[in-house]
Amino acid sequence: MLEINNIRENKESIIGQLKIRNKDFEKLIFEVINLDELRRSAQFKLDNELAELNQLSKKIGELFKTGQHQQANELKQKTALLKDSTKTLKQQLVDSENSIKEILYQIPNVPNKLVPSGNSENDNEVIENYGHTPQLFAGAIPHWEIAKKYNLIDFELGVKITGSGFPVYIGKGAQLQRALINFFLNEAIASNYKEVIPPLVVNEESGFATGQLPDKEGQMYHMQEDNLYLIPTAEVPITNIFRNTLLKEDDFPVKRVGYTPCFRREAGSYGKDVRGLNRLHQFDKVEIVQLAHPENSYAILDEMVAHVKLLLDKLELPYRVVRLCGGDLGFTAALTYDFEVYSSAQQKWLEVSSVSNFETYQSNRLKLRFKNNNNKNQLVHTLNGSALALPRIMAALLENNQSEKGISIPKVLIPYTGFDTINDKE
RNA sequence: GGAGAGGUGGCAGAGUGGUAAUGCAACAGCCUGCUAAGCUGUCAACGAGCAAUCGUUGCCUGGGUUCGAGUCCCAGUCUCUCCGCCA
């Protein structure tokens, strides 16, 4: 969430920049500024009354000690009056603080200057393009048919066990999946990310801190009995490792990578684009997370983009990079680059990665700070990105690498799979 | 699931009703051939002020008792230990 002091000091530019999201937040901003003024004046009055109360208490203590009970009792009556009025002021203070928080939850992050205006994904700015659509051989079939042909993934079996969107990977399908995970992890480790295996279940506080709650409550699986949530992305547990922490300047850069399954309810997205691996309730993902000094967080963002590019280059997949427009930008992000691979049998671009800078939007809720050179506590910038999400990579690999001879495995993966072709039905 | 113990600053750790010791780390200044040590201050949030500074809050959370609560009472929550069950 945005910092109230920042809003107060830069309201004009914040209102202006938020317009890129195609929504006017002017009213909310002014409302929150007014509430903040109310809050401050209530606190000022309260502070003064409490100061007086403290003085009186001190005096009463001294009077009792020296045996002047009568005078003490007279003062006591005075404190009773003051106490009543502090109670109302305190209530005012708490009320205004709560209202401020409620409004702040409704205000998304301020888009970076680079974010283009636009309404939907159609207005995203293509930064880097593969150039041409890959050609395929004549008998190309979509990945769900390939998966069936070679018995790599069984979607119906998953329906039996759980429900739709929970596929079962089998034989070489499972091995290829595991190979990709290991490949992604090793590449990240080679780039100095430290691997973590976090919990797959998080509490309410963690959900709030990274911004999934209260915004996307319905997107997460919730275990009511224990009030815990299945993670929709490793971003949640990995970023929350650093909740309530104070870093030092020379702790930067903090780089973490983790592989986890991700669970998403995807409520309301039935019917469209859900065939095969395109949209699942459970999927695997390798996530990279960085904590950065505010001064160079955008250089770090570029570094993370470069990392993802390299992965796709090595996998020899046709891809493009797009900069999300205001209408498509996530609630908590200031700037996001999406990576899309071309799925040639479906003739579609599929999103496989999303790399974002959240600036202080998450760290404000996380209370994630560092002690800067002036010995002041300052909020850290948080960034994360998928590197990469597995299912659509798998889909693209199967579709793009098919030929009469079967599915060929990219060179970099062969040491991980132990086979270079899939051409039999096990 | 049963029983017990506990939650204090960045960290460690005292504090049985009078307004958060002490140590370590960090930052600034002083001192000193250099380094180390030493001394002083700062070192959580919020508010008032141009500022020096001042005030308030802060001891897991929320209530309560009291002129005054880290300390007493009630409820909740989390952690640890032991027992039970179990990969």
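Within every chain, numbering begins at 1; the chains are lettered A, B, ... in the order of the sequence lines, protein sequences first and strands thereafter. Side chains included, hydrogens not; waters and symmetry mates left out as well; all remaining heavy atoms used. Remember, predicted model here, so these are calculated numbers, not experimental data.
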**Request:** With P as the reference atom in both, quote the distance from B:U77 to B:C85 in angstrom, rounded to an integer.
**Result:** 27 Å
**C1' spacing across the pair B:G2 / B:A87, given as an integer number of angstrom** = 22 Å
Could you tell me the separation between the [atom1] atom of [X] and the [atom2] atom of [N], rounded to a whole number of Å?
X        : N     : atom1 : atom2 : value
A:Asn244 : B:U61 : CG    : C1'   : 14 Å
A:Glu204 : B:U77 : CD    : C1'   : 12 Å
A:Gln77  : B:U66 : CD    : P     : 15 Å
A:Asn73  : B:U66 : CG    : P     : 14 Å
A:Leu82  : B:G68 : CG    : P     : 11 Å
A:Lys376 : B:G10 : NZ    : P     : 14 Å
A:His69  : B:C67 : NE2   : P     : 14 Å
A:Glu49  : B:U57 : CD    : C1'   : 15 Å

**Item:** Minimum side-chain heavy-atom gap A:Ile409-A:Phe419 below 4.5 Å
**Value:** yes
**Message:** If you define the side chain from C-beta out and look only at heavy atoms, does anything of A:Leu390 sit under 4.5 Å from A:Ile393?
**Reply:** no
**Asked** Taking for each residue the nucleotide of RNA chain B with the nearest heavy atom, is it A:Asn373 or A:Thr79 whose nucleotide lies nearer the 5' end?
**Response** A:Asn373
**Complete:** Comparing A:Leu46 with A:Asn372, nearest RNA chain B nucleotide closer to 5' gives the residue A:Asn372
**Neighbour count >12 (heavy atoms, 6.0 Å) for atom CD1, A:Ile197** = no
**Asked** Listed in order of residue number, which residues of residues 85-98 of chain A have a non-hydrogen atom at under 4.0 Å from RNA chain B?
**Response** none
**Message:** Under 4.0 Å, heavy atom to any atom of RNA chain B: which of residues 50-60 of chain A qualify?
**Reply:** A:Leu50, A:Ala51, A:Asn54, A:Ser57, A:Ile60
**Asked** Just checking, is any N or O donor in the side chain of A:Ser206 or A:Asn203 under 3.5 Å from an acceptor N or O on the other one?
**Response** yes
**Request:** Summarise how protein sits on nucleotides 40-48 of chain B as a single string, 5' to 3': B when a protein heavy atom is under 4.0 Å from the base, S for sugar-phosphate-only contact, - for no contact.
**Result:** --BSSSBSS
I'd like a table of donor-acceptor pairs (distance under 3.5 Å, sequence neighbours excluded) in which one partner is a side-chain atom from residues 45-56 of chain A, with atom names and distances.
| from | atom 1 | to | atom 2 | distance (Å) |
| --- | --- | --- | --- | --- |
| A:Asn48 | ND2 | A:Phe44 | O | 3.4 |
| A:Glu49 | OE1 | A:Ser85 | OG | 2.3 |
| A:Glu49 | OE2 | A:Ser85 | OG | 3.0 |

Donor-acceptor pairs under 3.5 Å, side chain of residues 21-32 of chain A to any protein atom, not counting sequence neighbours: which ones?
| from | atom 1 | to | atom 2 | distance (Å) |
| --- | --- | --- | --- | --- |
| A:Arg21 | NE | A:Asn109 | O | 3.0 |
| A:Arg21 | NH1 | A:Leu329 | O | 3.2 |
| A:Arg21 | NH1 | A:Gly330 | O | 3.1 |
| A:Arg21 | NH2 | A:Asn109 | O | 3.0 |
| A:Arg21 | NH2 | A:Gly330 | O | 3.1 |
| A:Arg21 | NH2 | A:Ala333 | O | 2.9 |
| A:Asn22 | ND2 | A:Gly118 | O | 2.4 |
| A:Asn22 | ND2 | A:Asn119 | OD1 | 3.1 |
| A:Asp24 | OD1 | A:Glu26 | N | 3.2 |

**Side-chain N or O of A:Lys83 closer than 4.0 Å to phosphate OP1/OP2 of B:G68** = yes
**Request:** Look at the aromatic rings of A:His293 and A:Phe252 and report parallel, tilted or perpendicular, splitting at 30° and 60°.
**Result:** perpendicular
**Request:** Give the ring-plane orientation class for A:Tyr416 versus A:Phe183, where under 30° counts as parallel, over 60° as perpendicular and anything between as tilted.
**Result:** perpendicular
**Prompt:** Is the Lys NZ or Arg CZ of A:Lys172 less than 6.0 Å from the centre of A:Tyr150's six-membered ring, within 45° of the axis?
**Reply:** no
**Asked** Which residue pairs satisfy the ring-ring contact (aromatic ring centres under 6.0 Å, His included) criterion with at least one member in residues 93-115 of chain A, sequence neighbours excluded?
**Response** A:Tyr105-A:Phe208
**Asked** Are A:Phe358 and A:His381 close enough that their ring centers fall under 6.0 Å?
**Response** no
**Request:** Determine the sole option in A:Ile407, A:Leu152, A:Asn400, A:Asn278 for which the side chain to side chain contact (heavy atoms under 4.5 Å, CB included) test with A:His143 is passed.
**Result:** A:Asn278
